[in-house]
Amino acid sequence: MLNDKLKDYLHLHVLVFIAGFTAILGEKITIGALPLVWFRMSLATILMFIYIKIIGVKLRIPLKSVFNLSLAGIIIALHWITFFAAIKEANISIALAMFSTGAFFTSIIEPIFFKKKVVWYEILLGCIVIVGVVIITNGEIRYIKGILLGISSAFFSSLFAVLNGLFLKKHSATIISFYEFVSGVFFMSLYILCFGSGFTVAFFHLSTSDFIYIAILASICTAYAFIAAVYIMKTLSPYTVVLTYNLEPIYGIVMALLLFPESEQMSANFYYGAVIIIVTVVINGVLKNSLKMKQVT
């Protein structure tokens, strides 16, 4: 029989594959990044609320916790908006390769929130990651806007993962996810009303294919995957989660090359840079795990 930690780790890999498929859906959906994320989070919130009512979870939490979770909800909304915008501005490969820089951001952010020392080799490896990004940028300068959006998305994702690691000490994954999604929808709604075109008839007019893809995105790739990802952080560290999610580019880029061979063919520099980033992240994880083992023994 598999122990609980191993089950959670295998479950994490399933979630990573789903995350890679999210990028495929982002390419297929024709509406812009902001309305895409609004529909995604709105539908996912409804599904979560139904789930909460079925299992009988109480939603009342302290006001301070509501504020903290609301802040995290805005961060995850920004992560998804910048991620899908990177796909729209460049392509899936660029967005996913830049997402790999998340482990570098986590190595800096996690010590701040968990009051740990910054590890020197993580900073060194982070500099190597930057070299990989520079190589990609030189080879794909036409996608500079998508590259910057992808890096921003990685930063927001890392910050969000670390914050959730703190929240899990006080609240369940379901409560955390629900309040974060409600606040994310509220934040985007205010933005659309104040700075966008508002909630017009055209805003809610979706093609059949867009509706189906968004429904899959909201249910399987968001409501289920989001609660599950937060839940497994009870046994796995934020760094382990972010590190494993760096396999997302591998899954996603392979799927993208198979499904969109024309738009996803990149220059040699892209693949050189992507390999440097992903291999560096893996080395970072191996070194960190090896140091933990030495501390235990």
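Just so we're clear, the structure is a prediction, and the values are computed from it rather than from any experiment.
Side-chain contact between Ile253 and Phe270: present, with at least one pair of heavy atoms (C-beta onward) separated by less than 4.5 Å. Here the side chains of Leu259 and Ile92 are not in contact, with every heavy-atom distance at 4.5 Å or above.
No option in Asn269, Ile94, Ile135 other than Ile94 meets the side chain to side chain contact (heavy atoms under 4.5 Å, CB included) test with Glu140.
Put simply, CD1 on Ile216 and OH on Tyr213 are 7.5 Å apart, with the number rounded to the nearest 0.5 Å. Atom CE of Met41 is separated from atom CE of Met48 by 8.0 Å, given to the nearest 0.5 angstrom. From Ile151, atom CD1 reaches atom CD1 of Ile130 across 9.0 Å, with rounding to the nearest 0.5 Å. Taken to the nearest 0.5 Å, the CD1 atom of Ile232 stands 4.0 Å off from the CG atom of Leu12. Atom-to-atom distance recorded for Ile176:CD1 and Asn164:CG is 5.5 Å, nearest 0.5 angstrom.
Using a distance-only test at 3.5 Å, with no hydrogens or angles considered, no donor-acceptor pair links the side chain of Ser153 to the main chain of Leu149. Between the side chain of Ser158 and the backbone N or O of Gly102, at least one donor-acceptor pair lies under 3.5 Å.
When the side chains of ILVMFWY residues are joined at heavy-atom separations under 4.5 Å, either directly or via intervening members, Val254 and Ile277 end up in two distinct hydrophobic clusters. One hydrophobic cluster, built from ILVMFWY side chains closer than 4.5 Å, holds both Ile74 and Ile61. Cluster annotation: Leu206 is not connected to Leu47 through the hydrophobic network of ILVMFWY side chains, with a link wherever side-chain heavy atoms come within less than 4.5 Å. The hydrophobic cluster containing Ile220 also contains Phe39, counting ILVMFWY residues as joined when their side-chain heavy atoms lie under 4.5 angstrom apart, directly or transitively. Linking Ile, Leu, Val, Met, Phe, Trp and Tyr residues whenever their side-chain heavy atoms come within less than 4.5 Å places Ile141 and Leu148 in a single cluster.
In this structure, Cys221 and Phe21 approach most closely via the heavy-atom pair SG-CD2, 4.4 Å.
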In sequence, state the C-alpha distance, the side-chain angles, and the governing distance for Phe181 and Trp80, and then conclude on ring pair (Phe, Tyr, Trp, His ring centres under 6.0 Å). CA-CA 12 Å; Phe181 274 48; Trp80 279 330; 5.7 Å; yes
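Using cut-offs of 30° and 60° on the angle between ring planes, the pair His79 and Phe83 is tilted. Between Phe204 and Trp38, the ring-plane angle classifies as perpendicular under the 30° and 60° cut-offs.
Side-chain N/O atoms of Ser172 and Thr174 include no donor and acceptor closer than 3.5 Å. For the 3.5 Å distance criterion, the side chains of Ser263 and Asn91 fail to qualify, holding no donor opposite an acceptor.
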